[in-house]
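Below: one structure, written as structure tokens.
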Amino acid sequence: MTTKSRRDQLFLLQITDSVFPIGAYSHSFGLETYVQYDLVNDSATAYDFIDAWFRYSFLYSDLLAASLAYDYGTKKDLDGLDELENLLEASRIPREIRDATRKLGSRFCKLLTTVTNAEEHVFFHQYMNWRAGESTCHPSAYGVFCSELAVEKDDMLLRFLYAQASAMVTNAVKSIPLSQTEGQHILVALYPMLDQLVDDVKSLTVDKLCASVPGFDMRCMEHEHLYSRLYMS
């Protein structure tokens with residue numbers, strides 16, 4: 001492995017890490033509603049929720065968006081990325097989820113532009129200039145940036161999945177609450193499903209983007225009116 005390849009692998013670790021300061025920790029994506037309604041109240045129901053959320057929501061939203069953005073980035077297709085961004089913006093039904101995606105994307109892009117340079121990551125900076133004045137979604141920006149790194153698509157997808165799974169488990173541990181040990185058991189139990197999703201997403205086309213699951217959308221909308229909230233969404 002060359003020095004650049006190692007550096008790009010480290011970049012991938014950095015931008016996918018839960019401590020990368022874009023504010024992801026402040027969003028539960030509807031989990032908090034399920035907890036307050038006592039539908040998610042222990043380790044077993046937390047696992048069931050997270051598993052279902054990945055299979056029937058995240059797969060068709062953020063994961064598919066990151067996969068498509070990686071492909072468009074590889075082909076240097078700005079028009080394709082523009083269409084992807086507009087579809088994501090139009091397809092997010094709950095207001096809090098639209099706001100969360102915009103905020104995460106904005107912070108991700110601003111932070112990356114301060115730690116990268118236009119000479120080294122040419123297309124990513126072209127993409128930022130192309131979207132100037134428009135919203136940019138986090139999974140799209142993530143996919144585009146990863147397309148410029150010397151990383152395989154499967155590695156990018158798996159790390160993206162793991163980061164989100166870890167965040168969801170952390171949210172469950174805090175909000176149910178669960179012990180840290182229970183949280184780690186849930187995370188390990190999710191591994192086979194996460195591995196399967198890497199294969200599943202590559203068979204999907206843009207036509208499946210943001211396929212809606214009404215139950216998740218309804219809980220996300222109800223989150224706006226909860227009596228007390230730990231999370232922004």
Side-chain angles (χ1 to χ4, degrees), residues 1 5-6 8-20 22 24-25 27-31 34 40 42-74 84 88 101 104 108 137-173 176 178-213 215-216:
M1 183 181 292
S5 295
R6 291 193 188 96
D8 286 346
Q9 289 285 350
L10 289 171
F11 240 134
L12 179 60
L13 288 172
Q14 181 179 355
I15 65 174
T16 315
D17 196 292
S18 60
V19 300
F20 196 61
I22 61 173
Y25 64 89
H27 302 279
S28 79
F29 298 98
L31 171 61
Y34 283 85
V40 176
D42 58 15
S43 181
T45 51
Y47 171 85
D48 289 342
F49 168 82
I50 297 171
D51 179 80
W53 184 79
F54 270 105
R55 291 180 189 274
Y56 306 117
S57 181
F58 192 78
L59 169 62
Y60 299 102
S61 55
D62 286 27
L63 187 64
L64 179 54
S67 176
L68 293 169
Y70 182 97
D71 294 339
Y72 290 139
T74 300
L84 174 63
L88 283 169
T101 305
L104 294 176
F108 181 83
C137 294
H138 174 233
S140 301
Y142 180 85
V144 172
F145 187 75
C146 288
S147 72
E148 290 203 292
L149 301 180
V151 296
E152 297 293 331
K153 185 177 182 180
D154 283 10
D155 290 341
M156 179 272 289
L157 292 171
L158 194 60
R159 292 186 188 280
F160 191 56
L161 279 164
Y162 176 81
Q164 188 60 53
S166 179
M168 291 298 283
V169 168
T170 298
N171 290 343
V173 167
I176 292 175
L178 302 173
S179 71
Q180 293 290 344
T181 299
E182 287 177 302
Q184 293 304 305
H185 280 293
I186 293 172
L187 196 53
V188 171
L190 291 169
Y191 284 177
M193 179 270 294
L194 299 178
D195 184 54
Q196 181 62 49
L197 291 187
V198 172
D199 293 327
D200 291 346
V201 73
K202 290 186 293 185
S203 68
L204 300 177
T205 66
V206 70
D207 294 336
K208 291 293 186 180
L209 187 66
C210 288
S212 177
V213 179
F216 290 125

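Here the structure is a predicted model, which means the values were calculated and not measured. Reckoned from all heavy atoms, side chains included, excluding hydrogens, waters and symmetry mates.
In this structure the side chain of Leu187 reaches within 4.5 angstrom of the side chain of Tyr162, judged on heavy atoms. At least one side-chain heavy atom of Leu197 sits less than 4.5 Å from a side-chain heavy atom of Met193. Looking only at side-chain heavy atoms (C-beta outward), His185 and Val188 stay at 4.5 Å or farther from each other. Tyr72 is not listed as a side-chain neighbour of Val144, based on a closest heavy-atom distance of 4.5 Å or more.
Residue Lys202 comes nearest to Asp154 through the heavy atom pair NZ-OD1, 2.8 Å, listed as atom of the first residue, atom of the second, then distance. When all heavy atoms of Ser179 and Val173 are compared, the closest pair comes out as O-CG2, 3.9 Å. In this structure, Thr205 and Leu64 approach most closely via the heavy-atom pair O-CD2, 3.6 Å. In plain terms, the two heavy atoms of Leu178 and Ser43 that are nearest each other are CD2-N, 3.6 Å. Taking both residues in full, the closest heavy atoms of Phe58 and Gln164 are given as CE1-CG, 3.7 Å, listed atom of the first, atom of the second, then distance. The heavy-atom pair separating Tyr70 from Cys146 by the smallest distance is CE1-O, 3.7 Å.
Taking CD1 of Ile186 as the reference point, atom OG of Ser166 lies at 11.5 Å (rounded to 0.5 Å). Of the inter-residue distances, the one linking Leu209 atom CG with Leu204 atom CG reads 10.0 Å to the nearest 0.5 angstrom. A distance of 10.0 Å separates CG of Asp155 from CG of Leu13, quoted to the nearest 0.5 Å. Atom CG of Leu12 is separated from atom CD of Glu152 by 11.5 Å, given to the nearest 0.5 angstrom. Distance check: Phe108 CZ to Ser140 OG gives 10.5 Å after rounding to the nearest 0.5 Å.
Side-chain contact annotation: Thr45 with Asp42, donor-acceptor N/O pair under 3.5 Å present. Between the side chains of Tyr142 and Thr16, at least one donor-acceptor pair of N or O atoms lies under 3.5 Å.
Salt-bridge formation is detected for the pair Lys153/Asp71: a Lys NZ or Arg NE/NH1/NH2 atom is positioned less than 4.0 Å from an Asp or Glu carboxylate oxygen. Salt bridge status for Asp51 with Arg55: present, with a side-chain N to carboxylate O gap under 4.0 Å.
Checking Leu68, Leu84, Leu104, Asp62 one by one against Pro139, the side chain to side chain contact (heavy atoms under 4.5 Å, CB included) holds for a single residue, Asp62. The side chain to side chain contact (heavy atoms under 4.5 Å, CB included) with Phe54 is formed by just one residue from the set Leu63, Leu59, Leu194; it is Leu194.
The number of heavy-atom neighbours closer than 6.0 Å to OH of Tyr191, taken from other residues, nucleotides and ligands shown, is above 12.
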